[in-house]
Amino acid sequence: MTGTGAGVVIIGAGHAGGTAAALLRQYGFSGPITLVGEEPIAPYQRPPLSKAWLKGEADADTLALKPESFYAEHDIVLRLSTRAVALDRAAKAVTLEGGQRLPYETLILAMGARANRLNVPGAGLAGVQVLRSAADAEALKLALSPGKRLVVVGGGYIGLEAAASGRALGAEVVVIEALPRILARSSCQALSDFFTSYHRARGVGVELGARIERFEGEGGHVTGVRLGDGRVIACDIVVVGIGIAPNEELAKDAGLDCANGVIVDEAARTSDPAVYAIGDVTHRPLPLYARSHRLESVSNALEQARQAASAIAGRPPPPHEVTWNWSDQYDLKLQLAGIALDSDDLLVRGDPAAAKFAVFHLRGQPPVIRAVEAVNAPAEFMAGRQLIGAQKPIDRRKLADPTVSMKEVAAG
Ligand code: FAD
C-alpha cells in the first residue's frame, strides 16, 4: 500500500516510534511520515544508558537507533524538541505545543513511559534524579567518580545496573529496597538472592525492607537519605528507580480505551482503527499467557512496531514473539524470556555459585516452560525461548541435568 494525503504521524521518537518509521519505509509505504519527539535528539536506545554508556564504554553514536542522515534520506520528517499536547480524533489532527495542528491519515502513539518519582520530603533536591533519558544518564555520569557516594532507590533491573556501573566507576553504592527482596516485581526468589549476594560481594550495601522517610540536603543539594528506622545514609547522589508509568494521558483525553497503558489488539490497533499504539505506552494482549499486560522492553517495542507497520503497509501480520529482555551487571549477562506468570514449579539448572545457571518457570504435567531467567547461560536462554514459544512439554529430569544439552532437552 502507498500512503496518500496526511500520511502517518508518529508521536514519540523513541525506540518504538523510530523503528516504526524505518519499517514503514522498508515495507514499501511511500506516503508522508512525520515523527514527533519531545526530546532534543533523534531516536536512541535506552538500554546502554545504565550499562556501557554510563561506564563510558559507548559513545553517543552507538546509542543512536539510526545515523542522523537516515531520516532525510528516507523522507521521514523528524520534528525533535516538539511535544504533542492534544489529539482530535474526529478531525484526525494532532495539536503540537505552540498550537500547530498536524493532520494524519493514520496515527501511531509511541510516547513510552516516564520514571516514577518518590513522593517524600526532599525529593526535589539537586542530586536526586531518575534514569530514563540520555539527559538523565549524562547528569549521572558527570556526578559519578571514585569515592562519590551513590544511593540507588529501588532494587529493580535499572537500579541494579546503575549500582554495578557506579561500582565500576569507583563510587560507593547503597541500594535501598522497600520490599523484603530485590527484583520482587519481575523475578523469582532464587534470582533475587543471587543478585543480592553478588552485589554485596562487590561492595554494594543492600538494604531490604527499608522505608525512606525523606531526603536530607544542604544548600539545596542532597546529602543523605533518612530511613524509617532513623538511620541516615550519607550520599552525594541518588538515583530513584522505582518503576515507570505509561505516558497515556494524550490517548486517555482523546477517549481511547486505556488501562495502565493504551489498550491495543494483536495488530497494535487501539479502540480507534486509525490509531495504533506501540511500545512501553501500551497494554497489549499476550496470546501465550491468555491475558493482557504492559511490557517494558525493547523486544516489545520492536514487535509492536512490526505489527503496526505491517498493518499500515498492508503486509501480513508478523508472527507472535516470545517477549524477552536482558540485564548486564558486572560480568553477568542475565537474559529473560517469557513472563514469570502462572507457573507452578521452579527448576534451577546449573550452579548459582559458579554464576552460570538458569531458572525455569514450569507449568503442568508433563511440564511446559512459561519463562526462563538465565545468568551467563545463553544456551538455556535460547532453547528456553523456543520451547516457551512452542509450549512443547519437556522431560523435567533431562532439563534438571546440566550434562544433558539443551538441544537434547528440546528434542524431547
Ligand atoms: P521510549 O523509548 O521511552 O520513547 C518514547 C519517546 O516519546 C520519548 O522520547 C518521549 O520523550 C517521547 N514522548 C512522550 N510523550 C510525548 C509527546 N506528548 N510528544 C512528543 N514526544 C513524546 N529494555 C530491554 O529490553 N533491555 C534492557 O536492558 C533495557 N534497559 C533499559 C535501561 C534503561 C536505563 C531504561 C530507561 C530502559 C531500559 N529498557 C530496557 C527499556 C527500553 O528502553 C524501553 O522498553 C524502550 O525504550 C521502549 O521504547 P518506547 O519507544 O516505547 O519508549
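First listed ligand is number 1; within each ligand, the first listed atom is number 1. What you see is a predicted model, and the numbers here were worked out from it, not measured in a lab. Residue indices begin at 1 and follow the sequence shown.
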Proximity of [X] to ligand 1 by residue part, where a heavy atom lies under 4.0 Å:
| X | value |
| --- | --- |
| Pro47 | both |
| Tyr157 | neither |
| Asp328 | neither |
| Val298 | both |

Going by the side-chain hydrogen bond (donor to acceptor under 3.5 Å, both in side chains) test, name the single residue among Glu248, Arg294, His283 that passes it with Asn260. Arg294

Counting neighbours of [atom1] on [X] that are heavy atoms of other residues, nucleotides or ligands and sit closer than 6.0 Å, is the number greater than 12?
| X | atom1 | answer |
| --- | --- | --- |
| Gln189 | CD | yes |
| Arg89 | CZ | yes |
| Arg185 | CZ | no |

What residue and heavy atom of the protein are closest to [atom], and at what distance?
| atom | result |
| --- | --- |
| atom 41 (C) of ligand 1 | Glu296 O, 4.2 Å |
| atom 18 (N) of ligand 1 | Ala84 O, 2.9 Å |
| atom 9 (O) of ligand 1 | Glu39 OE2, 2.6 Å |
| atom 53 (O) of ligand 1 | Gly112 CA, 3.3 Å |
| atom 49 (O) of ligand 1 | His15 CB, 3.6 Å |
| atom 33 (C) of ligand 1 | Ile158 CD1, 3.5 Å |
| atom 24 (C) of ligand 1 | Asn325 OD1, 3.0 Å |
| atom 14 (C) of ligand 1 | Met111 O, 3.1 Å |

So for ligand 1, is [X] a polar contact partner (N or O within less than 3.5 Å, distance only)?
| X | answer |
| --- | --- |
| Arg132 | yes |
| Ser50 | no |
| Gly279 | no |
| Val281 | no |
| Asp280 | yes |
| Glu38 | yes |
| Lys51 | yes |

Is a side-chain donor-acceptor pair under 3.5 Å present for [Y] with [X]?
| X | Y | result |
| --- | --- | --- |
| Tyr44 | Arg46 | yes |
| Thr223 | Glu218 | no |
| Glu38 | Thr82 | no |

Using heavy-atom distances, let me know which of Arg83, Arg114, Arg46, Gln45 sits nearest atom 2 (O) of ligand 1. Arg46

Heavy atom to atom 36 (C) of ligand 1, shortest distance: which of Leu302, Leu49, Leu131 holds it? Leu131

For ligand 1, which atoms sit closer than 4.0 Å to a heavy atom of [X]?
| X | value |
| --- | --- |
| Thr82 | 20 (C) |
| Ser297 | 23 (N), 25 (O), 45 (O) |
| Ala16 | 49 (O), 50 (P), 51 (O), 52 (O) |
| Gly14 | 2 (O), 4 (O), 6 (C), 51 (O) |
| Ala110 | 5 (C), 6 (C), 7 (O) |

Taking NZ, NE, NH1 and NH2 as the nitrogens, is one of them in [X] or [Y] under 4.0 Å from a carboxylate oxygen of the other?
| X | Y | value |
| --- | --- | --- |
| Asp344 | Arg363 | no |
| Glu207 | Arg231 | yes |
| Glu213 | Arg226 | no |
| Glu105 | Lys92 | no |

Quick check on the 6.0 Å ring-centre criterion: do Tyr289 and His293 meet it? no

Do the rings of Phe357 and Phe194 sit parallel, tilted or perpendicular, given the 30° and 60° boundaries? perpendicular

Ile33 vs Val77 side-chain heavy atoms within contact, under 4.5 Å: no

Answer yes or no: is there a side-chain heavy-atom contact under 4.5 Å between Asp236 and Val222? no

Does Gly37 have a non-hydrogen atom less than 4.0 Å from ligand 1? yes

Using residues 12-22 as the side-chain source, report each donor-acceptor pair under 3.5 Å to any protein atom, sequence neighbours left out, with the distance given to one decimal.
residue	atom	partner	partner atom	Å
Thr19	OG1	His15	O	2.5

